[in-house]
Amino acid sequence: MSHSLVIRRGRIFDPSQKIDVVGDILILNGKIEGVGRITLPPGPTITELDAKGWLVTPGWIDIHTHLREPGQTHKETIRTGTEAAAAGGFTSIACMANTTPVNDSSFITTYINQKVASEGLINVYPVGAITKGLEGQELAEIGSMWEAGIVAISDDGKTVMNSYLMRKALDYSKRFDLVVVCHAEDVHLKGRGVMNEGFNSARFGLRGIPKASEEIIVARDILLTELTGARLHVAHVSTAGSVALVREAKRRGIRVTAEVTPHHLTLTDEVVGTYDTNTKVAPPLREIQDIEAVTEALADGTIDALASDHAPHSVSDKEVEYDNAEFGMVGLETAFPLYYRLALQKGVSLDRIISAMTQKPAEIIGIPKGTLKVGADADITIFDPEMKYTINKTEFRSKSRNTPFDGWEVQGKVRYTIVAGKVVYQEAHGGMR
Ligand code: DOR
Ligand code: ZN
């Protein structure tokens, strides 16, 4: 029998069904057949996997990754990016449109889908561009990309500065119930800034990016969402001001959701003082009060989802002066322990964290995932909540190593990543059973 498995004695934790119970899961032909105490049906032998002491959750979903294929395959490919995702515990990811060429037509969407079918290890959902070539001038082929299977539209990496065009995109997105993901950085206000503007940018002698550059666009896009009645998702929220705007918009019933990255939850702009270009990211690392605000917003649900913004860059893009380095850091293989830290150290509930990695992202992009309900695809992540280890970037599956988290001591290790009943990643170091 293909892709059948029994997971035994794990702590089954599924926020979509409010389940937190020790038990078994039976997978038959890639689907979840039963949850609870499983007695095997007669027939061919089914592989058993012992998950005692580990957590068994719906497969994790990352709605913000950059796979770099087509066009920048020296940084990442669909193969290496999905291997990195599987190692990080992710069973589904959404990949951003800023490839070369840009995913602004059904032709590119179909190309990505075909590559994923032949080389991908996990589920990959393409995000289409809002504007052609991400140039902010003309709408992309949104309707035909939707037919080809995109799950959202975004010019991520760039902001649609033309408010008229953004309004049109929001209006048009309603026809397909596509969520519009905004990258909020006012390009003029950002200027040639490379880090957060404030005390530290003055200290380090680097050009600053004010928080207002983000908040102006978050506020504008919320207003345009109210105007059009569309659905907005705010990518990588980094400031306390943006949190307040999202909170207020939700209170007023505007259809807005938001995400936060591992780095905006853990690092302040203090670390830029090393001039390590792996700390250069858009939006930039902010200040302690911003970290507190995004953490609180995640805990209370104002921020719905966790997302890595995995942004691979090559050594030649990063081993240059801070001013000239590319923005972005890899995230798929370090995301989980950094999220889990919030449960261990900041009192964020495990329910919120797992929900923000499973049920919520599935809802935002509208995919039938993020649950262990009977009949669902057997996408499952199993992690060891106790295992401590040191992040070692030389072990990454990703083609790129641009992380500021190398050498961090963390806790919480993915043991198995299972997609449609098939084990696509198995932890090798922590001892086998
Ligand atoms: O730091 C970033 N890098 N932020 C983005 O929004 C884009 C990303 C990239 O594509 O490198
Ligand atoms: Zn991004």
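All ligand and atom numbering here is 1-based and tracks the order in the structure. If you read the sequence from its start, that first residue is 1, and numbering goes on from there.
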Original post:
Pick from Ile63, Ile367, Asp62: which one makes a side-chain contact (heavy atoms from CB on, under 4.5 Å) with Pro361?
Top reply: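 Among Ile63, Ile367, Asp62, the one meeting side-chain contact (heavy atoms from CB on, under 4.5 Å) with Pro361 is Ile63.
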Subject >> Reference residue Phe396; test side-chain contact (heavy atoms from CB on, under 4.5 Å); the match among Leu332, Thr80, Ile391 >> reply: Ile391
Nearest neighbour in protein (non-hydrogen) for [atom]:
| atom | value |
| --- | --- |
| atom 7 (C) of ligand 1 | Gly157 CA, 3.7 Å |
| atom 3 (N) of ligand 1 | Phe327 O, 3.1 Å |
| atom 4 (N) of ligand 1 | Ala282 O, 2.8 Å |

Original post:
Between Arg68, Lys158, Met329, Glu326, which one has a non-hydrogen atom sitting closest to atom 11 (O) of ligand 1?
Top reply: Arg68
With the threshold set at 4.0 Å, does a side-chain nitrogen-carboxylate oxygen contact exist between [X] and [Y]?
| X | Y | result |
| --- | --- | --- |
| Lys360 | Glu363 | yes |
| Arg220 | Asp186 | no |
| Glu119 | Lys115 | yes |
| Lys399 | Glu69 | no |

Give the numbers and elements of all ligand 1 atoms closer than 4.0 Å to a heavy atom of [X].
| X | value |
| --- | --- |
| Ala311 | 3 (N), 8 (C), 9 (C), 11 (O) |
| His236 | 6 (O) |
| His183 | 5 (C), 6 (O) |
| Val281 | 1 (O) |

**OP:** Answer with yes or no after comparing the ring centroid distance for Tyr322 and Phe204 against a 6.0 Å cut-off, counting only values under it.
**Re:** no
Subject >> Heavy-atom closest contact (Val246 atom, Val234 atom, distance) >> reply: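 Where Val246 meets Val234 most closely, the heavy atoms are CG2-CG2, 4.3 Å.
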Original post:
Mind counting the protein N, O or S atoms sitting less than 2.8 Å from the Zn ion (ligand 2)?
Top reply: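 That number is 4, waters not included.
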Subject >> Separation of Met329 CE from Thr403 OG1 (nearest 0.5 Å) >> reply: 7.0 Å
**OP:** Please state whether Lys280 comes within less than 4.0 angstrom of ligand 1, counting heavy atoms only.
**Re:** no
Subject >> Donor-acceptor side-chain pairing of His66 and Gln72 below 3.5 angstrom >> reply: no
